[in-house]
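Everything on this sheet refers to the single structure shown next.
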Amino acid sequence: MNREQLLELLKTFIAAFIIAFVINLLRIAFFENRDFASLLAFSREERMINNLRQNMSRYQTQSNTTYNETVVNKPSINKSENKNIIEIPLEQPLCFNNLSANDILDLRNRSINTSPIFSDMNYKPSTDVFSIRDYKPWISIEGALHFSKRKGTERTEGPSRDSIGILNPELLYYISISENEDAESADFKTLYKDFDFKPYRVTYNPATNTITAYIKNEHKDGNYQPLFLSDSNAHDLGYNYAIMDTSKNIGFYTDSPYKDSTLKSDIQKTTGYYMVGSACKVEGGCNNYAPYWQYYNFLFIRRFPASFNIKLWKTRPRNSEQKADINFSMVFE
């Protein structure tokens, strides 16, 4: 076959392709009542969408790689997780000492307005939850962990213990830990030392409507030191009833007055709030969490790993089997 014949064959092939393409457009226009311009625009839009999807897929892969390489302690992340799981940015604790009540409530409002979960709600801080006063100190994380070794205002120096809850509304429950002042004569001599049980990762799964806080503890042995679950965020956001429906390696004290009405055994009302109290033993008192008579919120970890899930409702449910308005889980690694 010479060059002229080859060119003629190529022209015939191109002409046939163009004719077939035009016939296909005419067929679509006839059946779907579209003109050529809209069809061509549709093709361009479809290509743009496909390109966007490919770019997003590449970006997702790069983002996941960057996250896995840079996250603190490189925590293990289940790669089979629902791809729609939302990572919640975790605000670090701040020192609230000598701030006005309005300053703290402004920080609280800002944390709600930037929340991936609660930003759409018509939020106003509950006066039942925030009974704080201007310019009062707050017990610090270090002051709580080393309470017996610090005196007076030393117990309020540094980031405030309860700021982790106020600045992170997604923590519907957070752990408030304090050294027993009489630890040497108590059964809790080992304690958790300097560990403050602050989550390193918080996620939200829209499919199950579950917030999960992940906590990595370097002390791998279990410990019967009581850990208190502060429920002020649940209370403030209108989740008034809760029950721990599932748990692993989590215990409650069976010799307490609440042994038959713990958060695990029965539906409890959320009642946590902030007020001026004397627990810090600083002259004039401090803004702090209350009430600590919520003994049904005290638990302990038998061994690691451990976990639990809490179902929460805004109005009292018929029973514990009723679907929750939201779920909150903690995972202790």
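No hydrogens, no waters, no symmetry mates; every other heavy atom, side chains included, goes into these values. All values derive from a computational prediction rather than experimental measurement.
- With hydrogens and angles disregarded, no donor-acceptor distance shorter than 3.5 Å links the side chain of Arg155 to the backbone of Ile139.
- In this structure, Asp134 CG and Asp103 CG are separated by 8.0 Å, a value rounded to the nearest 0.5 Å.
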Arg302 and Ile250: side chain to side chain contact (heavy atoms under 4.5 Å, CB included), yes or no, with the steps?
CA-CA 6 Å; Arg302 291 191 174 95; Ile250 297 293; 5.7 Å; no
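- The shortest non-hydrogen separation linking Asp325 to Thr315 is OD2-N, 4.4 Å.
- A side-chain donor-acceptor contact under 3.5 Å links Asn209 and Tyr204.
- The line from CG of Leu299 to OH of Tyr173 is 11.0 Å long, rounded to the nearest 0.5 Å.
- Considering only heavy atoms from C-beta on, Tyr174 stays 4.5 Å or farther from Asn168 through its side chain.
- Proximity of a side-chain donor or acceptor of Lys311 to a complementary backbone N or O of Ser320 within less than 3.5 Å is detected.
- Contacts of Asn319 classified as side chain to side chain contact (heavy atoms under 4.5 Å, CB included), with partners at least two apart in sequence or in another chain: Glu321, Gln322.
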Run Tyr274 and Ser232 through side-chain hydrogen bond (donor to acceptor under 3.5 Å, both in side chains) and show every step you take.
CA-CA 8 Å; Tyr274 303 100; Ser232 49; 2.7 Å; yes
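- Taking the side chain to side chain contact (heavy atoms under 4.5 Å, CB included) definition, one finds that Pro116 meets it with Ile86, Ile88, Pro89, Glu170, sequence neighbours left out.
- Contact check for Asn287 versus Phe96: no side-chain heavy atoms found under the 4.5 Å cut-off.
- Atom CG of Asn113 sits about 10.5 Å away from atom CG of Asp120, to the nearest 0.5 Å.
- The salt bridge (Lys or Arg N to Asp or Glu O under 4.0 Å) check on Asp236 picks up Arg108, with sequence neighbours excluded.
- Residues meeting the side chain to side chain contact (heavy atoms under 4.5 Å, CB included) test with Pro159, sequence neighbours left out: Pro93, Ile141.
- For the atom pair CG (Asn205) and CD1 (Ile85), the distance works out to 4.5 Å, reported to the nearest 0.5 Å.
- Between Leu312 and Ala234, the closest heavy-atom pair is CD2-CB, 3.6 Å.
- Annotation for Pro199 and Val202: closest pair CB-CG2, 4.1 Å, computed over non-hydrogen atoms.
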Stepwise side chain to side chain contact (heavy atoms under 4.5 Å, CB included) test for Phe298 and Phe252:
CA-CA 7 Å; Phe298 277 98; Phe252 288 83; 5.8 Å; no
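- To the nearest 0.5 Å, atoms OG1 (Thr270) and CG (Leu263) are separated by 10.5 Å.
- Cluster membership for Phe147 and Val282, using ILVMFWY side-chain heavy atoms within less than 4.5 angstrom, is not shared.
- Cluster annotation: Met121 is connected to Tyr239 through the hydrophobic network of ILVMFWY side chains, with a link wherever side-chain heavy atoms come within less than 4.5 Å.
- Here the side chain of Gln268 pairs a donor or acceptor atom with the backbone of Thr262 at under 3.5 angstrom.
- Between Pro291 and Thr271, some side-chain heavy-atom pair lies under the 4.5 Å cut-off.
- Residues Glu142 and Glu157 have side chains not in contact (no heavy-atom distance under 4.5 Å, counting atoms from C-beta outward).
- When hydrophobic residues (I, L, V, M, F, W, Y) are linked wherever their side-chain heavy atoms come within less than 4.5 Å, the members clustered with Ile243 are Tyr241, Ile267, Trp313.
- From Ser230, atom OG reaches atom CG of Leu172 across 12.5 Å, with rounding to the nearest 0.5 Å.
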One pair to check against side chain to side chain contact (heavy atoms under 4.5 Å, CB included): Cys286 and Thr156. What are the steps and the verdict?
CA-CA 9 Å; Cys286 301; Thr156 66; 4.0 Å; yes
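- The backbone N or O of Ser115 sits less than 3.5 Å from a side-chain atom of Ser119, completing a donor-acceptor pair.
- Residues Arg316 and Lys269 are not in side-chain contact: their nearest non-hydrogen atoms beyond the backbone lie 4.5 Å or more apart.
- Shortest non-hydrogen contact noted between Leu229 and Asn297 is O-ND2, 3.0 Å.
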Apply side chain to side chain contact (heavy atoms under 4.5 Å, CB included) to Trp138 and Ile166, showing your working.
CA-CA 12 Å; Trp138 295 67; Ile166 293 173; 3.8 Å; yes
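- A side-chain donor-acceptor contact under 3.5 Å links Lys136 to the backbone of Gly284.
- Nearest heavy-atom pair across Pro169 and Phe118 is O-CE1, 3.9 Å.
- Contact between Asn327 and Thr208 at its shortest, heavy atoms only, is ND2-O, 3.4 Å.
- Side-chain contact between Ile310 and Asp245: absent, with no pair of heavy atoms (C-beta onward) separated by less than 4.5 Å.
- With a 4.5 Å cut-off on side-chain heavy atoms, Asn109 and Tyr123 count as touching.
- Taking the ring centroids of Phe228 and Tyr289, they lie under the 6.0 Å cut-off.
- Under the 4.5 Å side-chain criterion, counting only non-hydrogen atoms from C-beta, Met275 is not in contact with Ile132.
- Partners of Ser329 under the side chain to side chain contact (heavy atoms under 4.5 Å, CB included) rule, at least two apart in sequence or in another chain, are Thr210, Thr212, Asn309.
- Between Phe308 and Phe332, the ring planes lie tilted relative to each other; the angle falls in the 30° to 60° range.
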